[in-house]
Structure formats: structure tokens, C-alpha cells
Amino acid sequence: MSQVRTRYAPSPTGFMHVGNLRTALYEYLIAKSNKGKFILRIEDTDQERLVEGAVDVIYNTLKTAGLKHDEGPDIGGDYGPYVQSERKAMYIPYAQQLVKEDKAYYCFCSKERLESLKTEGEIGAGYDRHCRNLSPEEVNKKLADGVPYVIRQKMPLEGSTTFSDAVFGDITVENSELQDQILIKADGYPTYNFANVIDDHTMNITHVVRGCEYLSSSPKYNLLYEAFGWEIPTYVHLPLIMGKNEDGTVSKLSKRHGSTGFEDLIKDGYLPQAIINYIALLGWCPKDNKELFTLDELCEVFDISGISKSPAIFDYDKLSWFNAEYIKAMTTQQFADIAMPYFKQGVPNKELNWVEVAGILQQRTVRLTEIPEKIKFFEKLPEYSVELFVNKKSKTNLENSVDMLKIAIKELCNISDWTSDNIHDCLISLAERVGVKNGTLMWPVRIAVSGMSVTPGGAVEILHILGKDESMKRLNIGLEKLLNK
RNA sequence: GGCUCGGUGGUCAAGCGGCUAAGACACCGCCCUUUCACGGCGGUAACACGGGUUCGAUUCCCGUCCGAGUCACCA
């Protein structure tokens, strides 16, 4: 078999949907697992929907996701150009060839006429093939008169078309269901369907990987390949990624389901690797059911036979789990590095030992965006209620908290070398001497020093990060609060 | 509505004629513990339904139901 070549062919809309990203990922994996090439092609044939800077979004996404393409507009290759608008001139001759062979025809119908064909409210009416049998004279006259036209493919009126998909098997459609689809639009640009076939063939694409939403239009592709006498590529249709609606129904994942763009997800505090890992498993399963994969590992084990047929609902909980796993797997330094912007956001005006902060945060961070809220007490002691000092499990109440704070202040005061170990030993031995369980002493101390019932890390860590001066200050404030209640 | 595809726990899923029907997420309980987490242990929970085929169907076939996708000079 010749070298496997897959292509990711997004249209630049400025938004990278996770469904598209997963398609890109599978295309990449199919190519790489076969030592093949992964090509990026920009499909910008819709001139009305061009968005400024949208191509950069695609580059950036592929880059941060780690999906390196082997050929593309930015890096070139032997099959360029890789932007459809730059290939515009090459499509029309192919269409004209089909016209010549009586497999396509010029259509002069106005949009208004087409519009009037649609019975109101109804769907599925379609084109009435009005221009399909114009005489050559009529066609030539209209062409000469400069009447705007499109080129349509002549679909067979009878029989059926069967195509084979690598995941769904053989699919047959009655030809009567097929419309005489437009190949070349009035503005001279090819339609997506037509450009796709021409490009995939001329770029030697071996595997056409795309979402299931194209399943029902695939017979048309086949007919086009047949009309040209070209070899048909392997089709790989992917099950759709769905989202759950508020009313409990599901539909194709879209913005109303939450963050569905790659960049949105990143903004929400998810790691690129976690996103990739998660979506790799959304519709595909390895033989051994393993879940954690690096991109390279995926390249090793990916196989088309593991792709499932049924649609999958995008589960933010599971994504979160992956994210937490990836965070936990980092070194503390790595975590500190990626978390730094969030540290600064939570604690903008203080210099803390960030690696130490990272150390207590790492095991309890699911999304990076949770960080600022969790650590902002380091910056400024929040207002809090004395009720926080009451905790049944630690056996603390408003009365003994006063005592605990008093002795803690006294003892901690004497520590000259403010190390974690010293703080720890000091408090633990104090609890022992006084004859209370650790929690009874630790709880009020932690509350006083943080002002929160739930904190990242325990009393010792917080005291150490805060430093002696600030710690003593907060402990006294806490004591004051209790006495003045 | 026509056409196409799909249907294993709440979610992702393994299974490809014989199993007490895996595993993961979520959820619940217990343990660990200076809070919350993390970690450990355990638990609740599924083959849409009805016919066939077969000695035997989650698995193969048909029908029903349910869900989704698609029916553009959008991709």
C-alpha cells in the first residue's frame, strides 16, 4: 500500500470546536500510526464567511495540541497550494470536463427561483432539475449573454449507490434521493463537496476522516470519484460528539452546551494534553482499555478498528478527572510554572515561595482556574465568622479555641528558625503536652491564619508560607475576634 | 416528513454465540488524616422491547420503539 496520507481540512471560522479537534487528532493518529503524513488544508471556499485571523487560531490550536502537520500553507509541501482559495483556478476545468462528458451541466436558475421551489415549512423539496436538459443552443446563448450560472452534477435517476466506510461498513442509498448538487458556485468557487474530492485526489489523500454528519452525503462523493474514474479513498466516519441539553435531550455538541472550543477549554483551566487524551477516548477505545496516554503513545496503539459507532456525550467531569491526573503527574516545579499566572491572579501583591504553594495545591487542583480563589487568603486575611472556629470532629468550640490560640501564639513566638519542621514539631508537641488531639489545636490555628474553613494545605504549611510576622499577626486577630465576640 | 446511522449502568465504554456482563468517571459508605483534597478499601447501578435462528443469545436476522445526523450557491 502506498503511504498513508490524511488531511485535516477546516474552514477558518475562528473557532476550533472539540469535534473538529478530535477529527484532526484521529487524522493525525491514523497517519502517524501508519508512518504516514498528516496534511493541513484550509477550506475557505465560502467567501461570505471569512473571518480575520481565523487561520491563526487553527495553527495555534494544532501547535498547542501537539498535532504537527507535515504539509500545509505555512510550511509548504509537494502538493500545494494548501489553501483552497489559492487553488480556485484548478476546480473549474474539472467541472467543465464533467460537463463535456455529460456528467454535469450548467444551471442558470436564479436564487429566487430556487427559493420559490421550497414549499413553505417543508423540508426536502430540493432542486427540480430545471436546467438539466437545456439544449446546447440555449446553454451557449445564456453563457454568451452572461447569465450567471452554477455547474451541477447529473445524478443518476435510478439505481443505488453503495460506498464502504471503515467504521460503518457498506452504506447504500437510492440515487433518487440524491440531488443534482452544485459543483461550482456562481462566484466561481467550488462547493465544499466538490473541492474536497478534487483536493483529496490531487493531494493523494488515502484516508478521508470526518464526522458522521457527512455520512449521508458520502454517496455523492463516490459518484464524483466514479465520474472521474479516480480511486476512492478509505472513508472513516467518526461518531458525533454530543452535548446534553437542559431539557435532558442530547444534540450535536455546540456552544450552548458550555465551552466547546479548544481555546475556551484552555481558558477554563484545562491542560492541552488532558483535552487531547480525553477526546481521543471519546469514540475510540484501545484493546487493553488503558486510559492515560501521551500523544506518542496514542500514535503507537491507535487503530481504526477501535473506533465506535455510537455518538458520545462530552463529559466535563471525566475531562476534569484527566486534567487532575495530568496535574498530579507533573513535578512540583512544572506545576508551579504553569500555575504562575493563576498564582499572580490570586495573590498579586505578595511574593510567596511559589513552589511551596504549588506543593500544597497540586494534589487538590482540578482546573487551573480554581487556583486564585483558593489562595487569595494569602494576600489578605478575609473577613470571617468566629463560628468557623467551631468544629465537631476536631473537638473545637468558641471556648477552647481561645485557649488553643493563646498557647499556640506563645509557643510559636519562640521559634527563631521558622521552618516547616520546627513549626510542625512545636505544634505537635504542644498538643501532646496539653493533652488534646492534634486537630483541636490545629483547627483554630488554621482558621485564624486563613480565615477559611477549607484551605489548601494544613496549618503548618500555611504558617510557613505566610511567614512568622504575618502568621503571628493573624493569630492575634483571631484571638481578638474570639474574645470580643 | 424522506433518507442514513445508532441503542450495554447517569456518562465513556469492553464484549464480537456459552462470562457471577470488565474497567473508568460520577455518586454513596468506610479507612487514613491538622480542614478540604489525595490515597486505600467497599457499594449502588446496564444488555430498549417483541419475534425469530440456535442446544444456547448482549452478541446473528426481522419488526417496534427511542435517539441522532442529514436533506443549502455552509462546511
Side-chain angles (χ1 to χ4, degrees), chain A residues 9-11 13 20 43-46 48-49 107 109 111 114 118 122-127 148-152 165 168-169 171-174 176-179 181-187 189-193 195-196 210-219 237 239-240 242 244 249-252 278 281-292 306 308-322 324 328 360-366 374 388 391 393-394 424 427-428 431 437-447 450 452-461:
Chain A
S11 55
T13 61
N20 293 135
E43 310 232 339
D44 58 348
T45 57
D46 186 357
E48 290 175 14
R49 295 215 302 192
C107 169
C109 293
K111 283 190 180 176
L114 261 22
K118 293 179 184 162
E122 292 283 312
I123 18 179
Y127 180 55
Y149 65 89
V150 300
I151 298 180
R152 288 181 185 270
D165 182 84
F168 288 90
I171 292 172
T172 302
V173 173
E174 294 300 317
S176 56
E177 298 289 329
L178 271 21
Q179 298 214 17
Q181 63 172 339
I182 290 173
L183 270 19
I184 301 291
K185 299 187 264 191
D187 64 2
Y189 277 90
T191 55
Y192 168 85
N193 289 321
N196 241 273
R210 54 188 2 181
C212 254
E213 63 264 37
Y214 297 102
L215 207 51
S216 42
S217 60
S218 292
H237 283 97
L240 257 19
M242 315 295 281
K244 195 164 243 162
T249 59
V250 294
S251 54
K252 222 161 92 172
Y278 174 60
L281 263 25
L282 215 51
W284 173 80
C285 185
K287 299 237 178 340
D288 60 0
N289 261 304
K290 202 177 134 175
E291 295 211 282
L292 264 3
S308 92
K309 294 182 186 173
S310 36
I313 295 175
F314 193 88
D315 183 3
Y316 291 92
D317 283 338
K318 186 83 189 227
L319 206 212
S320 293
W321 176 76
F322 274 105
K328 279 181 277 193
I360 61 171
L361 234 36
Q362 191 170 3
Q363 296 304 108
R364 57 196 101 214
T365 299
V366 173
K374 283 184 175 164
L388 287 189
N391 181 262
K393 204 173 141 207
S394 300
H424 175 266
L427 290 175
I428 294 293
K437 57 188 277 185
N438 292 339
T440 309
L441 174 63
M442 297 291 193
W443 181 278
V445 170
R446 192 177 56 83
I447 296 300
S450 69
M452 308 206 302
S453 60
V454 175
T455 54
V460 176
E461 290 97 325

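By convention in this document, chain letters (A, B, ...) are assigned in the order of the sequence lines, proteins followed by strands, and residues within each chain are numbered from 1.
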Please state the [atom1] separation for the pair [N] and [M] - nearest whole angstrom.
N	M	atom1	result
B/C62	B/A75	P	37 Å
B/U54	B/U44	P	38 Å
B/G39	B/U33	C1'	11 Å
B/G2	B/G63	P	15 Å
B/G1	B/C25	P	41 Å
B/G23	B/A46	C1'	14 Å
B/G18	B/C28	C1'	35 Å
B/U59	B/G50	P	12 Å

Could you tell me whether [X] contacts a base, only the sugar-phosphate backbone, or nothing, with contacts defined as non-hydrogen atoms closer than 4.0 Å?
X	answer
A/Met452	nothing
A/Ser11	sugar-phosphate
A/Ser308	sugar-phosphate

Where do N or O atoms of nucleotides 57-64 of chain B meet protein N or O atoms at under 3.5 Å, pair by pair?
none

Measure from the side chain of [X], starting at C-beta and using heavy atoms only, and say which of [options] lies closest.
X	options	answer
A/Glu213	B/U70, B/C12, B/C73	B/U70
A/Ile313	B/U11, B/U70, B/A13	B/U11
A/Ser310	B/G7, B/G2, B/A75	B/G7
A/Asn193	B/A75, B/A68, B/A22	B/A75
A/Phe168	B/U35, B/A68, B/C5	B/C5
A/Leu114	B/C73, B/U11, B/A75	B/C73
A/Thr45	B/A75, B/G10, B/G6	B/A75
A/Ile182	B/C36, B/A68, B/C73	B/C73
A/Ile171	B/U11, B/C5, B/A13	B/C5
A/Lys328	B/G39, B/C25, B/C73	B/G39

Looking only at atom types and distance, does a side-chain atom of A/Thr440 sit under 3.5 Å from a main-chain N or O of A/Ser394, one as donor and one as acceptor? yes
Would you indicate, yes or no, if B/G6 has its OP1 or OP2 atom less than 4.0 angstrom from a side-chain nitrogen or oxygen of A/Lys309? yes
Residues 281-288 of chain A side chain polar contacts: donor-acceptor under 3.5 Å, at least two apart:
unit_1, atom_1, unit_2, atom_2, d
A/Trp284, NE1, A/Asp303, O, 3.0
A/Asp288, OD1, A/Lys290, N, 3.1

Using atom [atom1] of [X] as one end and atom [atom2] of [N] as the other, report the distance to the nearest whole Å.
X	N	atom1	atom2	value
A/Lys290	B/A24	NZ	C1'	14 Å
A/Glu174	B/U4	CD	P	8 Å
A/Asp317	B/C28	CG	C1'	16 Å
A/Lys374	B/C38	NZ	P	10 Å
A/Asp187	B/C74	CG	P	7 Å

Note, [X] side chain near [Y] side chain (heavy atom, < 4.5 Å):
X	Y	value
A/Arg210	A/His237	yes
A/Val173	A/Pro219	yes
A/Tyr278	A/Trp321	no
A/Ile182	A/Tyr127	no
A/Ile428	A/Met442	yes

Hits for side-chain hydrogen bond (donor to acceptor under 3.5 Å, both in side chains) against A/Glu43, two or more places apart or cross-chain, chain-then-number order -> A/Arg41, A/Gln84, A/Asn196
Looking at residues at least two apart in the chain, or sitting in another chain, which of them share a salt bridge (charged side-chain N to carboxylate O under 4.0 Å, His left out) with A/Asp46? A/Arg49
For nucleotides 31-34 of chain B, give me every protein contact, N/O to N/O, under 3.5 Å, one pair per line with atom names.
unit_1, atom_1, unit_2, atom_2, d
B/U34, OP1, A/Asn438, ND2, 3.3
B/U34, O2, A/Ala459, N, 3.0

Distance (rounded to the nearest 0.5 Å) between A/Ile184 CD1 and A/Tyr149 OH: 8.5 Å
Set of ring-ring contact (aromatic ring centres under 6.0 Å, His included) partners for A/Trp443, sequence neighbours left out: none
With a 3.5 Å cut-off and heavy atoms only, can you find an N or O donor on one side and an acceptor on the other between the side chain of A/Asp315 and the base of B/A26? no
Under 3.5 Å donor-acceptor pair, A/Lys318 side-chain atoms to B/A24 base atoms: yes
